[in-house]
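Throughout, protein chains are lettered first and strands after them, A, B, ... in sequence-line order, and every chain is numbered starting at 1. Small disclaimer: the values here were computed from a predicted structure and weren't measured.
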Amino acid sequence: MSNKKRFYITTPIYYPSAKLHIGHAYTTTLCDIYARNKRLRGYECYFLTGADEHGQKIEKNAKAAGKTPQEFVDGIVEGFHKLWDVLEISNDDFIRTTQDRHVKVVQDIFSKMLKNDDIYLGEYEGWYCKECEAFWTDTQVGDEHLCPDCKRPVEKAKEESYFYKTNKYLDKLLKFYDDNPKFLTPVSRKNEMINTFIKPGLEDLCVSRTSFSWGIQIRENPKHVIYVWLDALTNYITALGYGSDNEEKFKKFWQDPDCEIIHVIGADITRFHAIYWPMFLMSLGLRLPDREFVHGLLMMRDSKMSKSKGNVVDPYPLIERYGVDAVRYYLAREINFGSDGSFSPEQFVERCNADLANSLGNLLNRTVSMIIKYFDGVIPEYKGKVTPFDGEIESFTETVIKSYEDLMDDLKITDALAMVNELSNRANKYIDETTPWALAKDEAKKDELASVMHHLAMSIFVCGMLFKPVLVKSSDRIFDQLGIEESNRAYEKIHEYGCLSGLKVNKGEQLFPRLDAAVEVQFIKDLMGENK
RNA sequence: CGCGGAGUAGAGCAGUGGUAGCUCAUCAGGCCCAUAACCUGGAGGUCGCAGCGUUCAAAUCCUGCCUCCGCAACCA
């Protein structure tokens, strides 16, 4: 955990070979929730996502589509922006590896590595497929020696290539792992890196290609393009202006030790982020990130979401029918961040109903109704702990806030949100404990009734604020119904009992209407079916 | 022996040494402010199997085995 008041968080930059699906939405949404929460709490934030646009596959797909690679990626990246827009992703920047600001700097970095003697010119030997113009490894071609792509026989071939000297920085990397136990989590991922890649002996990494041209050219030797990973990984610093005329952001969000740097990544790209990226940074004499958090994969009905299986979930229709908040909430709350999870229509509907409609939505609805009925719609003054239950709900609320913040800071986003559920459940229980409808019948108990209403309004306010990073639209609807003005929707207010005194509530539409499980499950299943 | 993950109540999951928990479903009761919701309680688990493993104490650590899944090939 960190006390740093500034941070930099990144998603992987996605590969624009096809449309994005709910898996990409998952990763990006979780990063967004983290960023929004921290901003709300006064942290200075830089949140980056982007697109990794080079490589042979793009070149090939573009050709098949009858476009230039640049035209091809432009079209797909437009779709990225649209999805992030619909999902309310609050990224501060969007980097594309074909942008000048990136290309030029990557070339400089390569030159620097050459000069440092971190990279040397050698020869790459592998299995070559003439048809696909691609090299494959032993495991990829299998015992049959067939191209994994076109299934044709491959042959041994050599090509001139540049190599990165991985062993030069290996000891330093291992020491870094030891000194920074939070660097790579969950820890099983670190063990995997060490046992699978490092212990058997790390080979030098081939960092150039001559078999295709859609990439960043090496200035010193223009027939080579730079390996996509060396190209892609550096996006994290080129986006901040590293090596440019203006390094202000880079200084602030990377070089300053008071800035916490977090990369959120998927398991399949852990190797590049956990081994090579730190080494590249060492070559450049730069600091390493504080955390690389490996999230799980979102599976479909017990099998992985994949284009060939045709079981990819498209986020758009879900957002359209249930709202962006429900989709964001489901992703963050249902799947324990860091573990694998699976998307299921039943769980989706259940989450919406149980947490959002029944617990939170209904709590707001019944509270606002009672304030209107008993106090003409005005939230009564706060007069301390009046009923025997007020003290407990106040201290419970504080405990929830504290736990929530600690969990959020440690990227335990799912657990943090569960704390908010506990608070809304506790508030529902508080209603039964205090029985306001009974208090209302006795004029002598008017103060108790007033106190109950105030405590309820406050509990809902806290829930709304803690949910705000997730429920980006509904949280404001909660505040609207409580009559809280825009200027008073500040995070610090959640500790301030009394801040709601005298506000005029507005009965609005149901926050989250209860979903008919049978109908909606069928609807989502049909959506998934359409992809087959 | 390629690498990694998982096996806990009918379903889905949490739980890394100290009385087995959560959501949904189910049953009984309560309440009536509310979105057939909310509150209380019950039933339902030999925590994949084995070791009579380590320990005062194991879902949790160790050893072996079984089953499922992911990666290695589009894909976070």
Side-chain angles (χ1 to χ4, degrees), chain A residues 11-15 17-31 49 57 61 136-142 146-149 151 186-189 191-193 195-197 200 264-271 294-299 302-309 311-312 333-336 339-342 344 346-347 349-351 353-374 414-415 418 421-422 424-425 427-440 449 452-453 456 507 509-515 517:
Chain A
T11 73
I13 50 174
Y14 307 110
Y15 202 61
S17 58
K19 265 171 56 175
L20 297 179
H21 55 67
I22 202 156
H24 302 94
Y26 173 62
T27 311
T28 310
T29 300
L30 272 288
C31 289
T49 185
K57 185 143 290 145
N61 289 5
W136 305 103
T137 62
D138 282 347
T139 51
Q140 284 172 324
V141 299
L146 297 178
C147 169
D149 231 24
K151 311 295 176 201
V187 282
S188 57
R189 297 302 174 186
N191 300 336
E192 186 181 1
M193 288 303 115
N195 293 330
T196 313
F197 301 111
V264 174
I265 57 179
D268 50 340
I269 55 174
T270 309
R271 188 174 125 222
V294 184
H295 68 72
L297 247 37
L298 191 52
M299 248 81 71
D302 303 326
S303 74
K304 189 175 174 182
M305 185 182 311
S306 74
K307 285 162 194 163
S308 52
K309 284 181 191 162
N311 58 357
V312 177
R333 181 67 183 84
E334 183 65 35
I335 299 124
N336 194 15
S339 318
D340 286 350
S342 58
S344 105
E346 289 85 356
Q347 283 166 17
V349 173
E350 186 183 311
R351 262 308 153 198
N353 278 344
D355 300 351
L356 300 179
N358 295 351
S359 184
L360 181 66
N362 184 43
L363 174 67
L364 174 69
N365 194 27
R366 62 201 301 213
T367 299
V368 169
S369 295
M370 285 191 282
I371 291 174
I372 290 170
K373 193 165 180 178
Y374 304 138
T414 311
D415 297 328
N421 298 139
E422 286 199 27
S424 64
N425 291 339
N428 274 314
K429 183 175 173 171
Y430 173 78
I431 296 181
D432 271 53
E433 288 169 339
T434 55
T435 59
W437 50 88
L439 297 175
L449 182 62
V452 170
M453 292 306 119
L456 283 174
K507 178 130 186 169
E509 292 195 354
Q510 288 181 355
L511 203 58
F512 294 98
R514 202 181 148 73
L515 302 175

Enquirer: Rounding to an integer number of Å, can you tell me how far A/M370 CE sits from B/U35 C1'?
Expert: 14 Å
Enquirer: To the nearest angstrom, how far is A/Q347 atom CD from B/C22 atom P?
Expert: 19 Å
Enquirer: Reading nucleotides 23-28 of chain B 5' to 3', which nucleotides get B (base under 4.0 Å from a protein heavy atom), which S (sugar-phosphate only), which -?
Expert: BS----
Enquirer: Side chains of A/V264 and A/T11: does their closest heavy-atom pair fall under 4.5 Å?
Expert: no
Enquirer: To the closest 0.5 Å, what do you measure between CG (A/L360) and CG (A/N425)?
Expert: 10.0 Å
Enquirer: Could you list the protein-to-nucleotides 58-61 of chain B atom pairs, N/O on both sides, closer than 3.5 Å?
Expert:
none

Enquirer: Report which part of the nucleic acid A/F512 touches: base, sugar-phosphate, or nothing (heavy-atom distance under 4.0 Å, all strands).
Expert: base
Enquirer: How would you list, by chain and number, every residue that makes a side-chain hydrogen bond (donor to acceptor under 3.5 Å, both in side chains) with A/E192, sequence neighbours excluded?
Expert: A/R189
Enquirer: Touch check for A/T367, heavy atoms < 4.0 angstrom, all strands: base, sugar-phosphate only, or nothing?
Expert: nothing
Enquirer: For A/P513, enumerate each residue passing the side chain to side chain contact (heavy atoms under 4.5 Å, CB included) test, keeping only those at least two apart in sequence or located in another chain.
Expert: A/Q510
Enquirer: How is A/N365 classified with respect to the nucleic acid when contacts are heavy atoms under 4.0 Å: base, sugar-phosphate, or nothing?
Expert: base
Enquirer: Would you please name every residue forming a side chain to side chain contact (heavy atoms under 4.5 Å, CB included) with A/L363, sequence neighbours left out?
Expert: A/T367, A/S424, A/A427, A/N428, A/I431, A/L456, A/I460
Enquirer: Roughly how many Å apart are B/G18 and B/G30, using the C1' atom of each and rounding to a whole number?
Expert: 36 Å
Enquirer: Go ahead and write out RNA chain B as dot-bracket, 5' to 3': ( ) for pairs within the strand, [ ] for ones crossing earlier pairs, | when the partner sits on another strand, dots for unpaired; Watson-Crick or G-U wobble, both distances under 3.5 Å.
Expert: .(((((((.[[[[.)..(..]]]].(((((.......))))).....[[[[.[..)....]]]]])))))).....
